[in-house]
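Heads up: the structure comes next, in structure tokens.
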Number of protein chains: 2
Amino acid sequence: MGPLDAYVPYLLNRAGARIATAFGEEVRPLGASLQMWRVLAALRERDGRRMGDLSVMTSIEVSTLTRLVDQMEKKRLVERRRDPDDARVVALHVTTAGKRLTRRIVPIAERYEQVALKGFAPVEVQVLRAALRRLYANMDELYD
Amino acid sequence: MGPLDAYVPYLLNRAGARIATAFGEEVRPLGASLQMWRVLAALRERDGRRMGDLSVMTSIEVSTLTRLVDQMEKKRLVERRRDPDDARVVALHVTTAGKRLTRRIVPIAERYEQVALKGFAPVEVQVLRAALRRLYANMDELYD
DNA sequence: GCATTTTATTTGTAAATGCAAATAAACGAC
DNA sequence: GTCGTTTATTTGCATTTACAAATAAAATGC
């Protein structure tokens with residue numbers, strides 16, 4: 001193996017860690033955390049997702065997610081609702097306060113993406129997105 | 001903001017989390033963790049790095065790193081040595097056992113990169129590396 | 001050279017995390 | 001319809017993590 005800074009998993013982690021830390025600091029004053037934002041963002045796309053699906057989407061372990069959602073419920077950002085058709089599943093719904101907070105974070109998130117991608121041509125961004133999706137899908141195969 | 005799976009920080013985190021988890025499971029039977037590997041990899045490149053530099057390189061918070069190094073010392077993988085010229089700094093040195101473990105992990109790490117990049121043309125890999133470095137550097141500017 | 005500030009690491013402590021076990025509901029076989 | 005199995009979520013508990021304060025040594029100003 002060559003130098004560390006040619007090792008893709010390293011570069012990936014390093015870039016991800018830096019964005020995550022910076023973003024987390026930015027949303028803390030709003031009473032939110034990066035992980036909370038991930039949940040809100042997933043629900044913004046489609047409300048009423050179940051815990052398990054949220055766990056997959058956000059890459060947050062289910063047990064961690066349970067406790068994170070506990071906090072978010074205390075803050076009245078989301079609401080747990082038992083699925084009437086299948087009482088095992090819990091669906092998460094964003095409250096009005098949750099939507100308000102989401103609206104405040106969205107522009108911050110947009111700005112972060114812009115900063116991260118400063119100097120990238122639109123094509124380059126597309127290529128990067130495609131590469132990251134592909135990389136993720138490749139790792140999938142290890143789970144069979 | 002559009003769909004989540006077009007949001008680069010999301011794609012970045014998702015891909016990174018998946019590699020990290022899978023890799024961590026793989027090295028656990030060897031008595032190592034992903035974070036330990038990061039330290040070993042950084043020292044493989046240059047032995048005797050100081051704690052602060054290791055923290056930056058590995059994206060592990062210094063206080064977390066201290067405790068991680070405690071464990072690694074207990075396992076006799078590394079050794080702390082005070083710098084004789086500047087008694088504030090602690091330099092980390094890999095032991096023989098540490099080198100042995102490193103040699104066992106390197107092929108696993110190589111395999112993981114190969115799996116992650118399966119189907120990528122060499123040029124595409126280079127473009128990805130460049131993009132990730134650039135993205136990291138862009139985030140740098142937030143720290144001024 | 002002494003006091004002040006800066007730099008490097010560690011420690012205290014609370015919060016976040018992850019695995020495994022527990023709970024609870026639905027499904028399937030019979 | 002009951003029993004064993006699978007699926008979804010939560011809880012118990014030990015580990016990891018991070019922020020802030022503490023320690024300790026060097027550099028700086030005077």
Side-chain angles (χ1 to χ4, degrees), chain A residues 13 16-29 31-39 42 48-75 78-93 143, chain B residues 13 16-29 31-39 42 48-75 78-93 143:
Chain A
N13 175 74
R18 194 165 258 194
I19 298 189
T21 303
F23 186 84
E25 282 171 17
E26 189 101 7
V27 297
R28 206 192 311 170
S33 68
L34 171 60
Q35 306 292 58
M36 288 182 188
W37 159 244
R38 286 191 176 133
V39 171
R49 284 188 200 276
R50 49 167 71 183
M51 298 292 288
D53 292 349
L54 279 171
S55 168
V56 173
M57 277 200 78
T58 59
S59 308
I60 301 171
E61 224 274 324
V62 277
S63 68
T64 305
L65 185 63
T66 286
R67 284 176 265 246
L68 181 65
V69 169
D70 289 347
Q71 289 180 59
M72 293 177 78
E73 264 194 316
K74 266 195 213 115
K75 287 170 175 279
V78 293
E79 250 179 39
R80 269 188 250 241
R81 290 193 212 142
R82 267 305 149 187
D83 184 329
D85 296 338
D86 184 341
R88 290 173 304 180
V89 340
V90 168
L92 255 206
H93 294 269
Y143 283 98
Chain B
N13 174 74
R18 194 165 258 195
I19 298 187
T21 303
F23 186 84
E25 282 171 19
E26 190 99 1
V27 296
R28 207 194 308 169
S33 67
L34 170 61
Q35 306 292 58
M36 287 181 188
W37 160 244
R38 286 192 176 131
V39 171
R49 284 188 199 274
R50 48 167 71 184
M51 297 293 287
D53 292 349
L54 279 171
S55 169
V56 173
M57 275 200 80
T58 59
S59 307
I60 301 172
E61 224 274 325
V62 275
S63 68
T64 304
L65 184 63
T66 286
R67 284 175 261 247
L68 180 65
V69 169
D70 289 346
Q71 290 181 58
M72 293 178 78
E73 266 193 316
K74 265 192 215 118
K75 285 171 177 279
V78 293
E79 250 179 39
R80 269 187 250 240
R81 288 191 215 143
R82 273 294 154 192
D83 184 328
D85 296 338
D86 183 342
R88 291 173 304 181
V89 340
V90 169
L92 257 207
H93 295 269
Y143 283 97

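In the text below, chain A, chain B and the rest are named by the order of the sequence lines, each starting its count at 1.
Only one option out of B:Glu73, B:Met36, B:Gln71 pairs with B:Val78 in a side-chain contact (heavy atoms from CB on, under 4.5 Å); it is B:Glu73.
Listed pair B:Gln71 / D:dT15 fails the phosphate criterion, with no side-chain N or O lying under 4.0 Å from OP1 or OP2. Phosphate contact (OP1/OP2 of C:dC19, side-chain N/O of B:Arg28, threshold under 4.0 Å): present. Under 4.0 angstrom from either OP1 or OP2 of D:dT10 there lies at least one side-chain N or O belonging to A:Arg80. For C:dT11, neither phosphate oxygen OP1 nor OP2 lies less than 4.0 angstrom from any side-chain nitrogen or oxygen of B:Arg67. Between B:Thr66 and the phosphate of C:dT10, there is a side-chain N or O to OP1/OP2 separation shorter than 4.0 Å.
Taking the side chain of A:Arg88 as heavy atoms from C-beta on, and the options C:dA25, D:dT10, C:dT17, the nearest nucleotide is C:dA25. Out of D:dT17, C:dT17, D:dA26, the shortest distance to the side chain of A:Thr64 is found at C:dT17. Each of D:dC19, C:dT9, C:dT17 was ranked by its minimum atom distance to the side chain of B:Ser63; first place goes to D:dC19. Of the candidate nucleotides D:dA8, D:dA26, C:dT9, D:dA26 has the atom nearest to the side chain of B:Asp86. When distances run from any side-chain atom of A:Glu61 to the nucleotides C:dG18, D:dA25, C:dA24, the shortest one goes to C:dG18. Listed nucleotides: D:dT9, C:dT9, C:dA26. Nearest to the side chain of A:Ala87: C:dA26. Each of D:dT10, C:dT6, C:dT9 was ranked by its minimum atom distance to the side chain of B:Arg50; first place goes to C:dT9.
Following rounding to the nearest Å, A:Asp83 (CG) and C:dA24 (C1') show an atom-to-atom distance of 15 Å. Rounding to whole angstrom units, CG of residue B:Leu92 and C1' of C:dT10 are separated by 14 Å.
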Could you go through A:Ser63 and A:Glu61, starting from their C-alpha distance and side-chain angles, then the distance that decides it, and tell me whether this counts as side-chain hydrogen bond (donor to acceptor under 3.5 Å, both in side chains)? CA-CA 6 Å; A:Ser63 68; A:Glu61 224 274 324; 2.7 Å; yes
